[in-house]
There are 2 protein chains.
Amino acid sequence: MDIWGLSGEDIPEKERRILEAAIKIFSEKGYSASTTSEIAKSAGVAEGTIFRYFKTKKDILRGILIHAVNILSGRLVIDSLEKIMTRLEEKDLRTVLKQILVDRLKLADSLFPMVRVLLTEALYHEDVREALYQNIVVRALTIAEKFHREMVQKGMMRDDIDHVMLLRAIMANVAALVAQRKIFEGKIEVNDMGKEIDTMIDVLMYGIAKQTGEDKKG
Amino acid sequence: MDIWGLSGEDIPEKERRILEAAIKIFSEKGYSASTTSEIAKSAGVAEGTIFRYFKTKKDILRGILIHAVNILSGRLVIDSLEKIMTRLEEKDLRTVLKQILVDRLKLADSLFPMVRVLLTEALYHEDVREALYQNIVVRALTIAEKFHREMVQKGMMRDDIDHVMLLRAIMANVAALVAQRKIFEGKIEVNDMGKEIDTMIDVLMYGIAKQTGEDKKG
DNA sequence: CTTGATAATGAGTGATTACTCACTTATTAT
DNA sequence: ATAATAAGTGAGTAATCACTCATTATCAAG
């Protein structure tokens, strides 16, 4: 279990410990409300040690954000998404969507602390948004466009919506499900997660309006 | 133009000025990174005056959050939503959805600074989430259930999805559109907002899958 | 105008915080 | 074993911040 997504990389042991501790503390209290002494204690190092690896407190945050964007834009997100979407072969739309959803939900669970820090900073700082946009949104849009084109070609997806709408619709639903699970966990009762995802895909594919034809539930 | 939603209410002039300034500052830099002296300067009062109206800095935030929840759960959100949803009469689903969407988008625009503060706090504090849930989610779910029941009765909406899914699908799409406009404003080009909303409603109603029947675009 | 009460002020204060640096400990080379 | 270098430490510091309070301004009533 690599909760933080900081394994593998060639980061010095101590620096990694500090970053992991910082993600934990920042994610619990927010950046400004967190203190360097707290991070030091949590990382099991002296406060001075922190400043051997990071010039300032802001630098720790920068380190986390760069990492978060790398993880999110790297193999853990885009690559696996691309893999699912390009290895379409004979799979139908429902199967592909379910793969994407289950994949993304697992990811969102494991990366949640990091994403919370990233999300908060993105809410307040244009440069973070710009990095997010360039590294994730642009790439995701490219993949979505390709996916859409192939699915239209196979006659499985509408051709009268563009890929921006498509990506937004999918991501909005994933985000809503994650938000419901993470923000209002336990409050909105969910009987069965598998069934929940199936229903969501159904709504995503066929909408909320009453269908007159009998072409659903393929 | 009442950007903050603090008009009408019976709040002393000075207190309102302080709250408005605090919303502005908190929304720009986040609660912890904002200072009381900054708020005082922006409100045009002495720093000491703030503490005649609010015992602590946390109390200012509390005041804002209470206000935000009141506004969001009060006439500006739930009431207008209820009005649209209950005065269905002969309107079709598309018209109703469009009314809801346009309504909510205008609202999100005007209340954005307040919502940003609320959202950030909700990300980090369980009690804020609880207040949001009890005052907004529960009430919205009640309205959604009623709306769904009536729409099913009219044969305009699917009866095999529950109202939780319905509300989530609608809110997710609204949130995604707002997020795109506010967070990535200008980055993702949008040709025409009216057309954008129409397409979104279409996707919401009929989904992304290719339809075989010819019952769309009613 | 005088008086009493209330509202507003901003210099001052104790607490907290990010960051430094003189010193200690660990590691490596010879 | 010893020297040289690097890594780690934590008490100390200057700056900042939320909050206080003695003083001043504003206002109302007689």
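First the proteins, then the strands, lettered A, B, ... as listed; each starts at 1.
In this structure, A:F184 and B:Y133 have tilted ring planes: the angle between them lies in the 30° to 60° band.
Residue contacts for B:S32: at a heavy-atom cut-off of 4.0 Å it reaches no nucleic acid atom on any strand shown. Among the heavy atoms of the strands lying under 4.0 Å from A:T49 is at least one base atom, whether or not backbone atoms are also near.
Rounded to whole Å, atom C1' of D:dA7 lies 17 Å from atom CZ of A:F51. In this structure, B:Y31 places its OH atom 13 Å from P of D:dC17, rounding to the nearest Å. For the pair A:D59 CG and C:dA18 P, the interatomic distance rounds to 14 Å; values are reported in whole Å. In this structure, NZ of B:K41 is placed 14 Å from P of C:dT9, rounded to the nearest angstrom. With rounding to whole Å, A:F54 atom CZ is found 15 Å from C:dT20 atom P. We find that CD1 of A:I18 is positioned 14 Å from P of C:dC19, with the value rounded to whole Å. The distance from atom NZ of B:K14 to atom C1' of D:dC27 is 13 Å, rounded to the nearest whole Å. Computed from coordinates, the B:L61 CG to D:dC19 P distance equals 12 Å when rounded to whole Å.
The minimum heavy-atom distance linking B:L141 with B:H163 is given by the pair O-CD2, 3.5 Å. Contact record, B:T49 with B:I18: O-CD1, 4.4 Å, taken as the closest heavy-atom pair.
Salt bridge status for B:E126 with B:R129: present, with a side-chain N to carboxylate O gap under 4.0 Å.
Along DNA chain D, the nucleotide nearest A:G48 and the nucleotide nearest B:A33 are compared for position; the residue whose nucleotide lies closer to the 5' end is A:G48. In terms of position on DNA chain C, the residue among A:S34 and A:R52 whose nearest nucleotide sits closer to the 5' end is A:S34. Where B:S37 and A:V45 each meet DNA chain D at their nearest nucleotide, the meeting point lying more 5' is that of A:V45.
With C:dA7, C:dA18, D:dT20 as the choices, the nucleotide that has an atom nearest any side-chain atom of A:E47 turns out to be C:dA18. Each of D:dA7, C:dA8, C:dC19 was ranked by its minimum atom distance to the side chain of A:K57; first place goes to C:dC19.
Note on A:Y53: a side-chain N or O is less than 4.0 Å away from OP1 or OP2 of D:dG8. Remark: B:T36 is in phosphate contact with D:dA18, judged by side-chain N or O atoms under 4.0 Å from OP1 or OP2.
In this structure the side chain of A:R62 never reaches within 4.5 angstrom of the side chain of A:F54, judged on heavy atoms.
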